[in-house]
Amino acid sequence: MEDEAILVQNDQQTRANSLTSSTEQEDKGSMDGLVEELFQARTWKYTLMLLSLNLLWLAAPSQVYITAFAGRVPTPQDSWTCVSQKCKDLIRNTPSLHKTFPCQNTEYKNGNQVLLLNNEDIRWKLYHSSFAVEFDMYCEIGDSRTKKTLLTSIFFGGALTGMIAGGYLTDHIGRKRTSILGFTVLVTSLLCGAFCHQYTILVVIRYFQGIGSYLLSTGMTILCLELTPKEFRNYVIGVLSLFWAIGYSVATGLHYLIPDWNLMFLGSAVAVIITSFPVFICVESPRYYIINNDFESTRDSLKALASLTTSEIDPDSLDLNKYLSSSAKARTQSLKQQLKDLWNNPTLLGETLIQIFIWFCTGMFFYGLNFAWEVIVPNLYTGYLIASLGELLTALGTVPLIGKLGRRRAHIIGYFGTMLLYLVALPDVDLAGQWSLKSVSCVLSTVFVYGCFAGVYLWTGELAPTSHRGLVFCACSSASTIGSFVGPYIFSSLNLVSLGGLACLAALSTVGCFLLVETGDKTICLTGQDVVCRRKKYYKYWI
């Protein structure tokens, strides 16, 4: 028995060594190995370039959640005065009306509930102006709530459009050009918001804002990941998460200090311009060029990267054919080919579908929380500061956790922890002040949810082959956008059924992560066929 155990142990060690040796040889002859060699010889310029590609996340919360600040709804604590004769007559006849919140003064006409005092009858004394007041959407009478919610959700409608377009554009015109296009659309939309005084136009502005925001962020994220070796990509996600977390404080401070809601759009536009300018001077990914068999542009990209390092690599002397797998050499990059690969490759299709589901749940959890802080916690600004603190803790913990446990196990822990907190929130228990068990559980869940939100970008960037990365990001982000659209409705009215449903979705996400492969120690695949080989090797060693 002891001899058999020794033989089994030796066999397992031989298999492990064989896999390691094979992986090392693949790394040396792959684009991963070339990028790693350049990265290891980097100067401060290369590091600064990678950091600058993540600066855009500092301004992201200020423009994504701008409707939460610019459309703040007046509360009974806010004061108001009469401006119309109708209002003055009502107050003269019924003095108690002046002490009552205007949204509570209603009457019925033709069977419909209407306000006694409309927006043109009163003037609010607010420190911050609000489009909810300007467009008469602050009372939950008639369709006012639906109209206000549309300004939030239409952003994700634009984001869905941006994802569909971005999936094609990133793979066919490049990561950099897609990001520049997104930057242009986003900044133009925000600048238009600074002069908007019509509800319909603001809806259109938010739609195009969503398109630009997702084109910019997706293109820059893919670019940054492709210019970083696999063992350092978790640090990229850590920096991304850190900047996003700080962005909450930036958004809270920026919109608190600006008293006019139109100027909030202008302030967000300036923030985006300042943090996203590196998109115009960064280097396009050589991976994009080589998968399109554009060797000349690949060499130019490698020369630009080499100039930021002390590496002695001469791109002109490289035989770039050896950096393409046989399957990559035999294919022509096109949308038709990408869809054909998915249809003919069950492994690639299966992994993509699992990722789509996980992104859907992550978007629902993440944006559901962040657009419902006004309902979940007693104060809007407190909610976003809590979000900032939660994401800051996540950013500091994500890098060592992913580095120690790997992408797969870290995500399993994240979704499992989210599930447990949603289950804890099921009992309807009131705590001190205006806090409840639900609100405390939601606050605690931010650490797990934000960790999954940050890590899933990294994992998908490594799971998806270069030939399909834009398409997979498009599909996953589109699913996330649909979840983001649904999330605010669910989290604005948490009850036994909705919390139970959220817990089930978190549990299924945990199972989905278990079915995917660990990618932290593997070369990024170029084509769908490489995905099949990676999965076979992974389970051969894992089993």
Side-chain angles (χ1 to χ4, degrees), residues 62-84 86-87 90 100-107 109 112-159 186 188-213 251 254-256 258-269 367 370-375 380-381 384 485 488-489 492:
S62 68
Q63 57 92 6
V64 172
Y65 303 121
I66 192 171
T67 52
F69 297 98
R72 177 182 173 272
V73 175
T75 65
Q77 288 72 40
D78 294 313
S79 59
W80 54 277
T81 58
C82 287
V83 294
S84 69
K86 171 188 174 182
C87 178
L90 284 173
T100 307
F101 188 50
C103 292
Q104 298 173 346
N105 299 325
T106 63
E107 61 180 352
K109 288 185 177 181
N112 297 319
Q113 187 181 21
V114 296
L115 293 170
L116 284 175
L117 298 174
N118 295 312
N119 198 44
E120 62 270 15
D121 298 319
I122 61 177
R123 178 180 294 117
W124 287 95
K125 296 180 179 179
L126 302 173
Y127 176 74
H128 298 91
S129 67
S130 170
F131 64 71
V133 173
E134 184 173 333
F135 301 145
D136 196 10
M137 300 186 299
Y138 54 87
C139 294
E140 295 184 8
I141 304 296
D143 62 349
S144 60
R145 182 177 182 179
T146 302
K147 290 172 64 178
K148 186 174 184 297
T149 305
L150 180 61
L151 287 172
T152 296
S153 59
I154 198 65
F155 175 88
F156 295 105
L186 175 57
T188 302
S189 301
L190 290 171
L191 290 176
C192 289
F195 303 97
C196 176
H197 292 284
Q198 291 186 15
Y199 172 77
T200 303
I201 294 178
L202 187 57
V203 171
V204 175
I205 287 172
R206 283 289 287 173
Y207 176 78
F208 280 97
Q209 186 186 340
I211 294 176
S213 179
L254 178 68
H255 296 313
Y256 182 79
I258 299 177
D260 184 86
W261 74 265
N262 288 108
L263 294 181
M264 291 181 186
F265 276 85
L266 179 60
S268 294
Y367 287 107
N370 284 320
F371 276 109
W373 283 123
E374 192 173 10
V375 179
L380 170 67
Y381 295 100
Y384 280 100
F485 182 91
Y489 290 97
S492 63

F208 CZ to C192 SG distance, which is reported to the nearest 0.5 Å:
10.0 Å
CA sep, side-chain torsions, deciding dist, call: I258, F69, side-chain contact (heavy atoms from CB on, under 4.5 Å):
CA-CA 10 Å; I258 299 177; F69 297 98; over 6 Å; no
Contact summary for W124 and V133, nearest pair of heavy atoms:
CD1-CG1, 3.7 Å
Here the pair of heavy atoms bringing L186 nearest to Q63 is CD1-OE1, 3.7 Å
With rounding to the nearest 0.5 angstrom, report the CH2 to CG distance, W261 to L266.
12.5 Å
Working to the nearest 0.5 angstrom, can you tell me the gap between F135 CZ and L202 CG?
5.5 Å
Looking only at heavy atoms, which two atoms of I205 and C196 are closest? And how far apart?
CD1-CB, 3.9 Å
With side-chain contact (heavy atoms from CB on, under 4.5 Å) as the criterion, how do F155 and Y65 come out once you've worked through the C-alpha distance, each side chain's angles and the decisive distance to 0.1 Å?
CA-CA 10 Å; F155 175 88; Y65 303 121; over 6 Å; no
Atom pair CZ/CD1 of R206 and I201 - distance to nearest 0.5 Å
16.0 Å
Here the pair of heavy atoms bringing M264 nearest to H128 is CE-CD2, 3.9 Å
So does S62 get a backbone contact from the side chain of H255, meaning a donor-acceptor N/O pair under 3.5 Å?
yes
C87 and W80: which non-hydrogen atoms are nearest, and at how many Å?
SG-CZ3, 4.1 Å
Quick one: OG on S213 to CZ on F156, what's the gap to the nearest 0.5 Å?
9.0 Å
In Å and rounded to the nearest 0.5 Å, what is the OG1 to CD1 distance from T67 to I154?
12.0 Å
Tell me the closest heavy-atom pair linking N262 and G193, and the distance in Å.
ND2-O, 3.0 Å
Step by step, would you call V203 with Y199 a side-chain contact (heavy atoms from CB on, under 4.5 Å)?
CA-CA 6 Å; V203 171; Y199 172 77; 3.7 Å; yes
